[in-house]
Amino acid sequence: MRSHQITLLTDFGTQDGYVGVMKGVIAQIYPSALMIDLTHQVKPQDILAARFILLNSYRYFPPGTVHLAVVDPGVGTRRRSIAVAFSEGFLVGPDNGVLSGVLTQETTWEAVELTNPNYWRVPNPSHTFHGRDIFAPVAAHLASGVSLNQLGQSIEPASLVQLHLPPCELGDANIRGRIQYIDHFGNLITNIPADQIGTKAWSMQHQGGARVDDGSPQNIAHYSTYDEVPKGEALSLIGSHGRVEIAVNGGSAAAMLRAAVGDAVVLVRE
């Protein structure tokens, strides 16, 4: 099933014409395609952030949607260009781990390396803009009904690059995790899933953050909504993505706690 929809996720920004050019290439090949921007504001070369955004977005689109992700610091090198078919649709992008979050959630899928120039924009693509010359045309062809095996050579799924985030560690009294993403508001999204917490009251500690008088990390209390604490106060809660996050009502937890992706966090059961 094809939905005729193509989502686009890049780190190109909107100041230059790169995104518009990709859309133009798609429209030339498949004018009926419905193109939906996930975001083009990923920090340059931030593959982990792009992986997170795609992982938390793809389920909200109809089956058969083509998801085009181009965050590609290795463009022009020997890294592979790939397309993947899975039960809910298709993925197109570089084999650098940006697609790996989705693939951890899918049990059956197949992949090809994009080696057939008949489905590129030109036989000799630019060394710096595969989004225009390879990925966008392939996405358009997939959305229009071209089969995966026409696009290139089949590759072993196990050979694809995976970005494995450290799993959270479950203990009797706490759960240790990491910050895996910081959103536009400065919310610190952890890798601790809501279904691991249980029913006891809990609070969060950012291991690099504010300290109390004895030097131990400050406990950041758990609430259900941002507005349950005064403006400027930190809180922890379950975000819309189903993971624990640390936030500041009306402010940025990243700035207040001087936090970064990869920082350790601890959920303390009370």
message: If you apply the rule side-chain contact (heavy atoms from CB on, under 4.5 Å), what do you find for Leu170 with Gln196, and how did you get there?
response: CA-CA 8 Å; Leu170 305 180; Gln196 298 293 329; 3.1 Å; yes
- request: Might you work through the side chain to side chain donor-acceptor pair (under 3.5 Å) test for Thr7 and His67, ending with a clear yes or no?
  value: CA-CA 5 Å; Thr7 71; His67 301 282; 2.9 Å; yes
Would you kindly say whether [X] and [Y] are connected by a side-chain donor-acceptor distance under 3.5 Å?
X      : Y      : value
Glu106 : Tyr58  : yes
Asn149 : Ser147 : yes
His206 : Asp263 : yes
Arg243 : Asn56  : yes
His222 : Ser236 : no
Ser100 : Arg51  : yes
Arg80  : Ser159 : yes

Is there a side-chain contact between [X] and [Y] (heavy atoms, below 4.5 Å)?
X      : Y      : answer
Val84  : Leu103 : yes
Cys168 : Pro193 : yes
Leu9   : Val42  : yes
Tyr223 : Leu237 : no
Leu68  : Ile26  : yes
Asn174 : Leu267 : no
Glu110 : Pro157 : no
Leu142 : Tyr119 : no

- request: Let me see the working for Phe86 and Leu91 under side-chain contact (heavy atoms from CB on, under 4.5 Å), right down to the final yes or no.
  value: CA-CA 8 Å; Phe86 64 104; Leu91 305 171; 3.7 Å; yes
Between the side chain of [X] and the main-chain N/O of [Y], is any donor-acceptor distance below 3.5 Å?
X      : Y      : answer
Gln180 : Thr190 : yes
Asp72  : Pro94  : no
Asn96  : Val98  : yes
Asn249 : Gly232 : no
Gln28  : Val25  : no
Asp95  : Val161 : yes
Thr104 : Gly101 : yes

Show the nearest heavy-atom pair for residues [X] and [Y], with the distance to one decimal.
X      : Y      : value
Gly262 : Arg178 : O-NH1, 2.9 Å
Pro62  : Gln5   : CG-NE2, 3.4 Å
Val92  : Ala83  : CG2-CB, 4.3 Å
Gln207 : Gln205 : NE2-OE1, 3.5 Å
Val112 : Ser154 : CG1-CA, 4.0 Å
Gly131 : Pro137 : O-CD, 4.3 Å

Between atom [atom1] of [X] and atom [atom2] of [Y], what is the distance when rounded to the nearest 0.5 Å?
X      : Y      : atom1 : atom2 : value
Leu257 : Ile182 : CG    : CD1   : 10.0 Å
Leu188 : Met256 : CG    : CE    : 10.5 Å
Leu34  : Phe61  : CG    : CZ    : 9.5 Å
Asn124 : Ser126 : CG    : OG    : 11.0 Å
Ser240 : Glu245 : OG    : CD    : 7.5 Å
Ser81  : Leu114 : OG    : CG    : 5.5 Å

message: Does Val268 form a side-chain contact (heavy atoms from CB on, under 4.5 Å) with Val266? I'd like the steps, not just the answer.
response: CA-CA 6 Å; Val268 180; Val266 178; 4.0 Å; yes
task: For Val261 and Tyr181, run side-chain contact (heavy atoms from CB on, under 4.5 Å): C-alpha distance rounded to whole Å, both residues' side-chain angles, the deciding distance at 0.1 Å, then the answer.
output: CA-CA 6 Å; Val261 170; Tyr181 182 71; 5.6 Å; no
Linked, directly or transitively: [X] and [Y] (ILVMFWY side chains, under 4.5 Å):
X      : Y      : result
Leu99  : Leu160 : yes
Val229 : Phe185 : no
Val19  : Val70  : yes
Val75  : Val138 : no
Ile246 : Leu235 : no

query: Parallel, tilted or perpendicular for Tyr18 and Phe12, by the 30°/60° rule?
result: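 Correct class here is perpendicular.
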message: Once you measure the plane-to-plane angle for His4 and Tyr30, does it fall in the parallel (<30°), tilted (30-60°) or perpendicular (>60°) bin?
response: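 If you compare the ring of His4 with that of Tyr30, the planes turn out tilted.
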field: Passing option when Ile175 is tested against Met204, Arg269, Glu169 for side chain to side chain contact (heavy atoms under 4.5 Å, CB included)
entry: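 Among Met204, Arg269, Glu169, the one that satisfies the side chain to side chain contact (heavy atoms under 4.5 Å, CB included) with Ile175 is Arg269.
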Do other residues, nucleotides or ligands put more than 12 heavy atoms under 6.0 Å from the [atom1] atom of [X]?
X      : atom1 : answer
Gln15  : CD    : no
Arg79  : CZ    : yes
Gln150 : CD    : yes

